[in-house]
Amino acid sequence: MKKILCLTRNEYVKQLKKPSILVLLIVLSAILFFSPLFWAGIEKLNEVSMSGYDTPSERAENRREVAEYYQDTIVENPEEQSFFEIQITYFLTQAQAYEQLAQAGLTTLRDWRSSMINAYVEACGQVAEYEAHVKDRPFPAPSDSYHFMYGWTGDVQADAESYQIALQTRDENYREIVKNDYFGYIRQLRDNYRQEWDAAKQDLERLKATAAENDTEENLLAVENQEWVLRGYESEDARLSMILERQIAFDDSWKNKTLSLWEQNAVNMQHDYQLMSYAEFSQSGRQSGITYEEYRNSVLESRSKLTDEITLYCYSLEHDTPLYNVSDSVLDSARLLSSKSVGCLILVTLFGIILASGIVSKEFSSGTVRLLLIRPVKRWKILLSKYLMVLSLCLGLTLLTYGAYLLLPSVLLGGSDFANPYLYLVGETVFQVPFPLYLLGQVMITFLSVAFCVTFAFFLSTLSRNTALAAILSAGLAFSPLFCVILSLFHTTLMKILLWTPFFYVDLSYWVFGEESLLLSMFNGQMDAFAHPGVGMAWLVLLTIGMLVGSFTFFRKHDVKN
Amino acid sequence: MPVLDIRSICKTISGRKILDQISFTVDSGEIVGFLGPNGSGKTTTIKMIMGLLSIDEGEIFINGCSVKKEFEKALCRVGGIIENPEMYGHLSGWTNLKMFANMHGNISEETIEETVRMVHLEDRISDKVRRYSLGMRQRLGVAQAVLHEPNLLILDEPTNGLDPEGIKELRDTLRSFAEKGAGVLVSSHLLAEMQLMCDRVCIIEKGRLIAKQSLRDLTEVQAGELLSYHFDVGEPEHFVQLLRQMPAPEPRMEGSSVVLPATREKAAELVRLLVEHQIPVYGLYPEQKSLETAYLEVTKGLSHMVGTEGGQ
């Protein structure tokens, strides 16, 4: 053991004193260490480019500028006058509407009333356009009918009716905006919702009755689908009730982000993931390469994904525990920032491959192997020390990165977010682990992939003694999940074959941390039992052991001829 | 017990028999030369002793331990240079030695320093090996071979790239090692070198050992063997005339010397003749039989006969 440590230290000296490796290592460590900064920087740039026109007066000013621009253009293109006049009316009216909102005390356009504000401003526009250009003119005028901003029919009575509706919309929205009663609005929403829900319940009863009379596949499926829709109503009702009970104000907090994700899921439940019958499925043309069974599984899996997410959202709000991934912006959550940075560990894989590809073969190509193997040290010890050197350096880099992922986001965004746990679901029960522990798990599972690729490079280097070959093939292996995804997009059968190979599983983090995983969402329901993170892990472990046995057997017996 | 005991080893590489039943020993305190033309199997044998090549048949014992079965124990008191000693060019000479020392364990910095002084590299030892001359690399190679005070030294063509002074130093180093009780095996194709260095030689050709004997035996003049004698005499013409009158090979003149092949008995008879005719004799020099001559005799003329004997 002491001997092996001593030999490993020798390998460190040999490798780290190579200027190229040393420079690479330093650059890599710096990149890994500061990678959270990189993500945060990108987000910051996005934020800057998206800002502006957030207040009514800013928006009004912008609309006025546009109107003035058209005013100038009329002088240059008098023949287009009628078109420009409509545009000018549109933008000036909008400017006036925003100014009016500003006078009424509205300071931001981005709160719960944003959809009302839009409706109000558009209604103002429609009213103004009717009054200025539609009401007293012979219509349709052949040349300018297509210039209108709103859909006038040319029918005097119908257009007058639209005008009346627009007036009503304008006034109603204005009242609501000025009243600014969020919870009243939510209560109203819930009341309307419950009426719809009741209607949906009656639909279900009707469908059940039909199915009881005639239990065809279609009828039974209709009942099942309607039950699914009702779960969506139930969920949305629970959401609105939670807002009211807990008096969750509308603001930028994580709670509203969670509520908004919840709403999306509830809406999806009401409208999507309806199961088609076999006959419908066969006619729909969706059966490209998948069987009805697979289609059905994929729908059911998507459904359970939606409800699982809702369970987590609900738990998070009830227990005042923010989920780390409710926001899109890494600037909102130190946990999201660090978790997103884990992808950078592919750089450790590449570095490990470079190191492992040369560590055996270069001893042969430089001839130093002749002085190395004549020592009173068994060959397996020499090989093991080389392997340990590469692996321990990669592990060190990974742990350094882990440390940086806890440290830098804390510095940038404050460390309090790391106190929040990571929530996960087993069956219907929500569990929590401290986030640093979860992150460590994520990092270590990624390290398994690093170790796998490094072992492959080491194996090739030992067998072929060709540095370039080992490096190129191993880098190919490291990126093979990506190639697999691309190939799978073209060919479902090919994907199914590839799922039996280890290539899909080279980056295990794809499979284990499935929530954000592109790969898992692609294969919803289409994976047979074989495609499973456990299977992937078994593949990697078995292959790693196999390659190590191969390397050691070969190296132990191999004659050094040159 | 011999330091190195090679017993009937064989090696076949890609279907070609490289070594066939090679056996010899190296005793402690003795320097054995390992001679043979290029491709005869010298390096293969040495690589098998040092564990670079597997042993197909036969056994090699170092200090009584089998290289096959107790590799670490067998190799712990062996030092060697095989072909050109390639070191890690990006490391300093010192770091190279330190790493090899680590592999042996228990070698103090003082020992390394002493070794460096012994091979006269103390001024350049912290330079990168990449910047060393060939001779300096050879000296560093010697240093790594003797670092752990081995009792068996195995050197493959150690004089390659050394200047005459370096060669003499190496000879002295080896001699001092042998005097301290180490066995030394040196392979070389420089015969003159071997003659100065070795106590004994093993000659190998085409994978078969064709001679193993002490230098004295090999270069000893047998009764009845012809040698060139240089007669430095006062009246060489007279002597030549005398020689022509008797049954003797045709002599030739070299300056004031008369040179002719003769046996030891014949030479004595000729001296008597010179004295009888009152020709002054200033000197009589029998030509030494060199290792080269012996080597050629063995590899060409006697190879078949001695080869059979060597194989036993």
Which atoms of K381(A) come close to chain B, meaning under 4.5 Å heavy atom to heavy atom: side chain ones, backbone ones, both, or neither? side chain
Atom group of I13(B) that falls short of 4.5 Å from chain A, counting heavy atoms: side chain
First locate atom CZ of R375(A), then atom NE2 of H148(B), and finally report the distance between them rounded to the nearest 0.5 Å. 6.5 Å
Interchain contact, L373(A) with chain B, by part (heavy-atom threshold 4.5 Å): both
Where does K3(A) contact chain B at under 4.5 Å (heavy atoms): side chain, backbone, both or neither? side chain
Please say whether more than 12 non-hydrogen atoms of neighbouring residues, nucleotides or ligands are located less than 6.0 Å from CZ in F552(A). yes
Quick one: what part of S366(A) sits under 4.5 Å from any heavy atom of chain B, side chain, backbone, both or neither? backbone
Calculate, to the nearest 0.5 Å, the distance between atoms CD1 and NZ belonging to I374(A) and K47(B) respectively. 11.0 Å
Contact class of T43(B) relative to chain A, heavy atoms under 4.5 angstrom: neither
Contact part of L372(A) toward chain B, heavy-atom cut-off under 4.5 Å: side chain, backbone, both or neither? both
Straight-line distance of L371(A) CG to I82(B) CD1, nearest 0.5 Å: 7.5 Å
So, do E86(B) and E363(A) sit near enough that their side-chain heavy atoms are less than 4.5 Å apart? no
Strictly less than 4.5 Å between heavy atoms, which residues of residues 384-397 of chain A line up against chain B? Please order them by number. none
Does some side-chain heavy atom of V13(A) sit less than 4.5 Å from a side-chain heavy atom of K98(B)? no
More than 12 foreign heavy atoms under 6.0 Å from NZ of K18(A): is that the case here? yes
Measure the NZ-CG distance between K14(A) and N96(B) for me, rounded to the nearest 0.5 Å. 9.5 Å
For the atom pair CG (D559(A)) and OG1 (T44(B)), what is the distance rounded to the nearest 0.5 Å? 10.0 Å
Write out, in numerical order, the residues from residues 102-128 of chain B with a heavy atom short of 4.5 Å from a heavy atom in chain A. N102(B), M103(B), H104(B)
Among pairs that include at least one residue of residues 55-94 of chain B, which meet ring pair (Phe, Tyr, Trp, His ring centres under 6.0 Å), considering only residues two or more places apart or in two chains? none
Contacts of residues 345-358 of chain A with chain B (heavy atom under 4.5 Å): none
Structural part of L91(B) lying under 4.5 Å from a heavy atom of chain A: side chain
Count the heavy atoms belonging to other residues, nucleotides or ligands that lie under 6.0 Å from CD of E72(B), then report whether that count exceeds 12. yes
When you look at CZ of R556(A), are more than 12 heavy atoms from neighbouring residues, nucleotides or ligands closer to it than 6.0 Å? no
